[in-house]
There are 2 protein chains.
Amino acid sequence: MLQEPDRTGPPVRTSVWLDGRPVARTRRTDRTDHPSGLDRDRITAVSLRLLDAEGPGKFSMRRLAAELGVTAMSLYWYVDTKDDLLELALDAVFAEIEVPVAEGAETDEETDWREQLLELAARYRAVLVRHPWASPLIGKYLNVGPRSMDFSAAVKAIVARTGLSPRGQMGAIAAVFQFVYGFSTVEGHFVQRCAEAGLGQDAYFRHAMGAIGEQPRLAGAFAGVEETRELRGGGTVEEMRERDFTFALDLLVAGIETMRAREEESEAGEGPERS
Amino acid sequence: MLQEPDRTGPPVRTSVWLDGRPVARTRRTDRTDHPSGLDRDRITAVSLRLLDAEGPGKFSMRRLAAELGVTAMSLYWYVDTKDDLLELALDAVFAEIEVPVAEGAETDEETDWREQLLELAARYRAVLVRHPWASPLIGKYLNVGPRSMDFSAAVKAIVARTGLSPRGQMGAIAAVFQFVYGFSTVEGHFVQRCAEAGLGQDAYFRHAMGAIGEQPRLAGAFAGVEETRELRGGGTVEEMRERDFTFALDLLVAGIETMRAREEESEAGEGPERS
DNA sequence: ACCTGAACACCGTTCAAGT
DNA sequence: ACCTGAACACCGTTCAAGT
């Protein structure tokens, strides 16, 4: 069915976590084993700091090495490629998302899944906005690092309690978390742009709107934007965005509830179903 | 309130469409005016072709210039920076999304907004998957090119007919189209990865799953994945993804309907509201 | 008005060599 | 086992110069 001859060609590289060199390389007796005090954890931590501070555009193997007091080539002892490094940094970002419960599904009956879902979505958003460079990487890599997996597990555990069927759960997960991903990606980049321009979000927004107004070609659309802005109840850019995010999540929760009710109906109507 | 001294520092660069040189530079008498037959449209078209064919990683000013039979520096006559070029290519991508109606809101009563929303979402997704390099750019730039604006206008027009309040409309737009954006971004990258690895989507998926299974650390999560896969009804990777996308959109439509009903209720309960 | 060559200050990565 | 120097094949962009 597929043109894959089982075992041919070069091995497919999927992820540091899967095809990479065994992680154990870092942890020998103690870290003073390494002349420069280098190990994967330190390299990852400094990468994350640099990416936050200077942006992905200025992040290079040479820059990172300089920060670590070492030549660029030393890094290749710990990592096969720059992409590996970015995957490590990305997984470290996921570590910042506190997940509600580790494993035990005991206290689940206590707290509402709605509450937990909103909470986790808010945390995911906060992390993506705090590290805008991470969003493109989430799209790029497989996200199978331990921290990413913990996050996925938490998401699944919460959505499992909605009462949706398994395939409904998958759809709901996609709806909620791809939304948060898309929303936060755009938000994070905008925040970053403002910071780079040295403007506040409202000032930047006004500047862009002003520039649009000057373009005769876009004047019509500009009027639409202004009008919409007023209708939305005004306020700062951040207030408007906050309202949009909250409304969208409420909408998604309402959607989940409705889909669940529909599944129940069709179950009752069709009699006992298999599986 | 904001530390913006009204007029200071270097002018803020927002977008080719706003701060860029006037577009007119391209169209003089006829295009044979230009010795090399170069103009913005041709440069944009070739950029798009190269980005599709070779990926964003291999796309450079030098590579593009070579394709156009010209030195890299010639391009800077038409464009201030590589980012400008990418913004132009991105807007060209939006041109591929056919929007239902141009302006006239006449036949609106005829077709259901649900139908139109699903249709537009599907087209948006198709375009993002066809041009995976475009997704990160949507996050990066302001998207105020004429084609992007046409798309936004179409989105707004459709959602306006849901009966939601203006701020509800904004939230609904965010929920639906940020979801499609997130979903399609991940999908597009995955498709691209498979193509690069020379594997089909199922083969790549199986390869990755196999690698996960070999990692003792991730074995637990792996079991979860396999289990989920079965519960979801199996089928190919593409079939499962298709089901997720459809379910999520149904969920979103249901959510819109519910939110609208709630708005109606609270309006009736509170009596006439201002605005 | 449009295009070029040379140059600047960078990249990621390889490879043989050092300790 | 860990780190380095030199080198390769690239980048985006500037700037003075050509036609």
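In what follows, chains carry the letters A, B, and so on, assigned in the order in which the sequence lines appear, proteins first and then strands, with residues in each chain numbered from 1.
Mapping A:V70 and B:A72 onto DNA chain D by nearest heavy atom places A:V70 at the nucleotide closer to the 5' end. Where A:R63 and A:D80 meet DNA chain C, the nucleotide closest to each residue was compared, and A:R63 sits on the side nearer the 5' end. Where B:T71 and A:R62 each meet DNA chain C at their nearest nucleotide, the meeting point lying more 5' is that of B:T71.
Under a 3.5 Å cut-off, the side chain of A:H131 and the backbone N or O of A:V127 do not form any donor-acceptor pair. Side-chain atoms of A:S47 come within 3.5 Å of backbone atoms of A:I43 as a donor-acceptor pair (strictly under, hydrogens ignored). When atom types are taken as modelled, the side chain of A:D91 and the backbone of A:S148 share a donor-acceptor pair closer than 3.5 angstrom.
At whole-Å resolution of the value, CG in A:D39 and P in D:dA1 are 17 Å apart. The distance between atom CG of B:D83 and atom C1' of D:dC11, rounded to the nearest whole Å, is 14 Å. Across the protein-nucleic acid pair, B:R13 atom CZ and D:dG12 atom P stand 17 Å apart, rounded to whole Å. The nearest whole Å value for the distance from the NZ atom in B:K82 to the P atom in C:dC10 is 18 Å. A:L38 places its CG atom 17 Å from the P atom of D:dA1, with the value rounded to the nearest Å. When the P atom of C:dC2 is taken as reference, atom CD1 of B:I43 falls 12 Å away, rounded to whole Å. Between the CG atom of B:L75 and the P atom of D:dC11 there is a distance of 13 Å, rounded to whole Å.
A sub-4.0 Å separation between OP1 or OP2 of D:dG12 and a side-chain N or O of B:Y76 is absent. For the OP1/OP2 pair of C:dC3 and a distance below 4.0 Å, the side-chain nitrogens and oxygens of B:Y78 include at least one atom meeting the criterion. Side-chain N/O atoms of A:T81 include one lying less than 4.0 angstrom from OP1 or OP2 on C:dT13. Look at A:S74 and you won't find any side-chain N or O under 4.0 angstrom from OP1 or OP2 of D:dC3. Residue B:W77 has a polar side-chain atom (N or O) positioned under 4.0 Å from OP1 or OP2 of C:dC2.
B:Y124 and B:F151 have tilted rings, their planes meeting at an angle from 30° to 60° on a 0 to 90° scale.
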* Chi angles and distances behind the salt bridge (Lys or Arg N to Asp or Glu O under 4.0 Å) call for B:E67, B:R42 -> CA-CA 11 Å; B:E67 194 72 12; B:R42 201 158 102 78; over 6 Å; no
* Verdict with reasoning, B:D83 to B:Y141, per side-chain hydrogen bond (donor to acceptor under 3.5 Å, both in side chains) -> CA-CA 9 Å; B:D83 275 318; B:Y141 304 124; 2.5 Å; yes
* For B:K140 and B:E87, what are the C-alpha separation, side-chain angles and deciding distance, and is it a salt bridge (Lys or Arg N to Asp or Glu O under 4.0 Å)? -> CA-CA 9 Å; B:K140 198 173 183 192; B:E87 262 194 286; over 6 Å; no
* To do: Apply salt bridge (Lys or Arg N to Asp or Glu O under 4.0 Å) to the pair A:R130 and A:E187, showing each step before the final yes or no.
  => CA-CA 10 Å; A:R130 190 157 60 232; A:E187 179 182 2; over 6 Å; no
* Asked: If pairs are Watson-Crick or G-U with both distances under 3.5 Å, what is the dot-bracket string of DNA chain C, marking crossing pairs with [ ] and pairs to another strand with |?
  -> ||.|||||...|||||.||
Atom pairs under 3.5 Å, N or O on each side, protein against nucleotides 15-19 of chain D: can you list them with distances?
none

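Closest approach of B:R123 and B:E98 over heavy atoms only: NH1-O, 2.6 Å.
Taking the centre of each ring, A:F179 and A:F245 come in below the 6.0 Å mark. Residues B:F190 and B:Y204 place their aromatic rings such that the two centres sit under 6.0 Å apart.
Using a cutoff of 4.0 Å between basic side-chain nitrogens and carboxylate oxygens, A:R40 and A:D84 are not scored as salt-bridged.
Taking atom P in both D:dA9 and C:dA9, the straight-line distance is 23 Å, to the nearest Å.
Taking a 4.0 Å limit (strictly below) on heavy-atom distances, residues 50-61 of chain B reaches DNA chain D at B:F59, B:S60, B:M61.
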